[in-house]
Amino acid sequence: PQEERDRYNSSTDKGMVLLKMVDLNNNDLGMISWFAVHPVSMNNTNHLVNSDNMGYASYLFEQEKNKGFLPGEGPFVAAFASSNLGDVSPNTNGPHCINTGESCDNPTSVCPIGGNQMCVTVGPGRDMFESTQIIGRNIYLKAKELFAAASEEIGRA
């Protein structure tokens with residue numbers, strides 16, 4: 001209904017929520033953030049194990065906090081979770097057929113030649129690797145901002 005739509009500034013949730021975790025001496029332990037974006041920057045042509053845009057954000061945050069440690073081995077843990085996703089894709093340039101360059105049929109994501117295997121989504125980068133980095137970096141930068149500003153204590157053990 002229109003009256004419900006009027007309550008919101010946008011058709012998608014652009015807010016991020018972050019929980020900062022510290023020890024009893026106020027030393028940083030980690031964080032969890034929730035943001036409404038699907039981790040699908042890497043499309044179906046990728047055959048490598050990867051953690052997509054949310055994993056790249058985690059990598060960046062942990063590398064900053066765990067100086068001198070190899071990835072995944074430091075004491076600080078940064079977790080990036082998806083929230084109320086709906087139909088929120090990071091692929092801002094939309095779906096196209098990789099064999100013809102034409103747009104895929106929406107909503108079926110099918111190409112006239114090759115079916116759904118030929119339909120991939122792209123953007124904002126030149127390829128899926130650059131797109132993963134762009135989206136992941138944006139998520140990381142917002143989380144870093146929220147982490148630095150976090151001040152409300154919600155509980156003690």
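Treat the numbers as computed from the prediction; the structure is a model and nothing was measured.
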Rounded distance [0.5 Å steps], [atom1] in [X] versus [atom2] in [Y]:
X      : Y      : atom1 : atom2 : answer
Met118 : Asn116 : CE    : CG    : 9.5 Å
Thr108 : Asp105 : OG1   : CG    : 3.5 Å
Ser131 : Asp52  : OG    : CG    : 10.0 Å

Closest non-hydrogen atom pair between [X] and [Y], with its separation:
X      : Y      : answer
Thr132 : Tyr56  : O-CD2, 4.1 Å
Pro124 : Ile134 : CG-CG2, 3.6 Å
Thr45  : Met128 : OG1-CE, 3.6 Å
Met54  : Ala81  : CE-O, 3.6 Å
Phe80  : Ile139 : CD2-CG2, 3.5 Å
Gln117 : Asn44  : O-ND2, 4.0 Å

Partners passing side-chain contact (heavy atoms from CB on, under 4.5 Å) against [X] (at least two apart in sequence or in another chain):
X     : answer
Leu48 : Asn46, Phe129
Asn27 : Asp23, Asn25
Ser10 : Thr12, Lys14

Can [Y] be reached from [X] by stepping across I, L, V, M, F, W or Y side chains whose heavy atoms are under 4.5 Å apart?
X      : Y      : result
Tyr59  : Met16  : yes
Val17  : Ile32  : yes
Leu19  : Leu29  : yes
Val122 : Val110 : no
Leu141 : Val37  : yes

Per-pair distances, 0.1 Å, donor-acceptor, side chain in residues 88-99, under 3.5 Å, sequence neighbours excluded:
| from | atom 1 | to | atom 2 | distance (Å) |
| --- | --- | --- | --- | --- |
| Ser89 | OG | Asn91 | N | 3.0 |
| Ser89 | OG | Asn91 | ND2 | 3.2 |
| Asn91 | ND2 | Val40 | O | 3.1 |
| Asn91 | ND2 | Thr121 | OG1 | 2.8 |
| Asn99 | ND2 | Ile113 | O | 2.8 |

Open item on the list: Can you tell me if Phe76 has over 12 outside heavy atoms packed within less than 6.0 Å of its CZ?
Closed with: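 For Phe76, atom CZ is crowded (more than 12 foreign heavy atoms under 6.0 Å).
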
- [ ] Count the heavy atoms of every other residue, nucleotide or ligand shown that sit under 6.0 Å from CD of Gln2, and state whether that count exceeds 12.
- [x]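 Yes.
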
Is there a side-chain contact between [X] and [Y] (heavy atoms, below 4.5 Å)?
X     : Y     : result
Gln63 : Phe69 : no
Asn84 : Asp13 : yes
Glu62 : Pro71 : no

Task: Pair Phe147 + Phe61: ring centers closer than 6.0 Å - done: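 Yes, close enough.
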
Open item on the list: Show me the pairs that pass side-chain hydrogen bond (donor to acceptor under 3.5 Å, both in side chains) and involve residues 28-42, at least two apart or across chains.
Closed with: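 Output for this query lists Asp28-Lys65, Ser41-Asn53.
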
- [ ] List in chain and number order the residues that pass salt bridge (Lys or Arg N to Asp or Glu O under 4.0 Å) with Glu130, two or more places apart in sequence or in another chain; answer none if no residue qualifies.
- [x]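 Partners of Glu130 by the salt bridge (Lys or Arg N to Asp or Glu O under 4.0 Å) criterion, ordered by chain and then number, come out as Arg126.
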
- [ ] Look at the SG atom of Cys119 and the SG atom of Cys104, then say if they are under 2.5 Å from each other.
- [x]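 Correct, these two cysteines form a disulfide.
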
